[in-house]
Amino acid sequence: MIDRSVISFYRKVVQCLYAAFCIMVGWQFYNFYLWASGTGASYVPRPAAVEAFLPISALMSLKRFLFTGKWDAIHPAGLTFFIAVLSGALLFRRGFCGYVCPVGLLSDAAERAGRAARVSVKLPRCLHYPLLSVKYVLLGFFAYIILVKMDIASIESFLQSPYNITVDARMLLFFLSPSGITLVVMVGLLAASFVIKHFWCTYCCPYGALLGIVAMFSPLYVHRDEQECRHCKRCQEVCPAGISVWDMEKVRVPECIGCLECVASCPEDRCLRINAAGMDRAMPLWLIPAGVVTVLMGAWLVALWTGHWHTIIPDQAFQVFYRRFLPN
Ligand code: SF4
Ligand code: SF4
């Protein structure tokens, strides 16, 4: 059993390790892009893990897989990662958001900086609740287009298209050479994250919205013992999503990212714990982070072992696609 006081430390360690991994993958992909687009001299292999950043393409592949049994051969790692993250949410709540996603780490840092600069504000309930719906509207938009409007033939044709084959580089260019509107939106979101705690994760992220819906079926949840609670509201203060834990017996709301910061900061030893549905006893606190990381690593190993990780497109063919189909 890990001690409550070290949860935050271990959470930071896991977040930093994954952020370092993302930076490594991003750097390798950037150098691959330079080589493939003809602007860099030396060849570096394309890292398959870059496909983890293509959830829209992965959602289409998932629909095709469910209807036809065909595993995506263009971005197979993207589909593997997407299914692993959804499975992780089903079993271990949104532990992916709480422990793995680097945007969560950035949001934590922005929040801390905002508090130090005394610019952070708490949204009134009349704004908080309507704003919570923004991420569901964005998710609903993507779900409607992909799951309702697009039939399997159109998904098939999109997945084979030069646009989808070059979508990893398009995403890189989106951040490297943002348009005026993109820049304004990115600066606005960054500024909002300094002022409002976890602005992107709580109100805007459609990926988080999807994981929140899946996590509602997870057996794990934070349980509060009313007899032990002092109603000090420390749990709500430290909660990245601002959830009023002190007012609930079972925290099963989709906004809970399973970070366990509330459990770590509660002054009462036996007040907050992790429970599993149907079992009236505390589960080990390492279960959520260890579970999420194990599902991700396990999916990666299985995909590697069964040949469902690397794309069928040779790196030399990416060279042709990037040079022909990417905007100059
Ligand atoms: S921090 Fe613990 S004691 Fe304080 S209100 Fe929250 S659950 Fe109750
Ligand atoms: S309720 Fe607790 S576990 Fe859930 S997001 Fe808030 S602090 Fe994290």
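Start at 1 and go down the list; that is how both ligands and their atoms are numbered. Hydrogens, waters and symmetry mates play no part in the numbers below; they use all other heavy atoms, side chains included.
Between the side chain of Ser179 and the backbone N or O of Thr182, at least one donor-acceptor pair lies under 3.5 Å.
With sequence neighbours excluded, the residues forming a side-chain hydrogen bond (donor to acceptor under 3.5 Å, both in side chains) with Ser57 are Asn164, listed by chain and number.
At the top of the distance list for atom 5 (S) of ligand 2, counting protein heavy atoms only, stands Ile257 N, 3.3 Å. Of the protein's heavy atoms, Cys256 SG, 2.4 Å lies nearest to atom 4 (Fe) of ligand 2. Taking atom 2 (Fe) of ligand 2 as the reference point, the nearest protein heavy-atom neighbour is Cys262 SG, 2.3 Å. For atom 8 (Fe) of ligand 2, the closest non-hydrogen atom of the protein is Cys259 SG, 2.3 Å.
Nearest approach of Phe96 to Leu211, heavy atoms of both residues: CD2-CD1, 3.8 Å. Counting all heavy atoms, side chain and backbone alike, Val14 lies closest to Tyr99 at CG1-O, 3.4 Å.
Classification of Arg234 and Glu268 as a salt-bridged pair fails, no side-chain N sitting under 4.0 Å from a carboxylate O. Electrostatic pairing of Arg270 and Glu228 counts as a salt bridge here, judged by a charged N lying under 4.0 Å from a carboxylate O.
Under the 3.5 Å distance criterion, with hydrogens and angles disregarded, a donor-acceptor pair is assigned to the side chains of Gln15 and Lys12.
In this structure, the side chains of Val292 and Arg94 stay at 4.5 Å or more apart for every pair of heavy atoms.
Remark: aromatic rings of His128 and Tyr203 are close, center separation under 6.0 Å. If you look at Phe21 and Tyr18, their ring centroids are closer than 6.0 Å.
Considering only non-hydrogen atoms, atom 1 (S) of ligand 2 lies nearest to Val245 out of Ile288, Val222, Val245.
Neither the backbone nor the side chain of Ala241 comes within 4.0 Å of ligand 2, counting heavy atoms alone.
Under a 4.0 Å criterion applied to the non-hydrogen atoms of Cys239, ligand 2 contributes the atoms 1 (S), 5 (S), 6 (Fe), 7 (S). The ligand atoms of ligand 2 that sit less than 4.0 angstrom from a heavy atom of Leu260 are 3 (S), 8 (Fe).
Protein N/O/S atoms found under 2.8 Å from atom 4 (Fe) of ligand 1: Cys232 SG.
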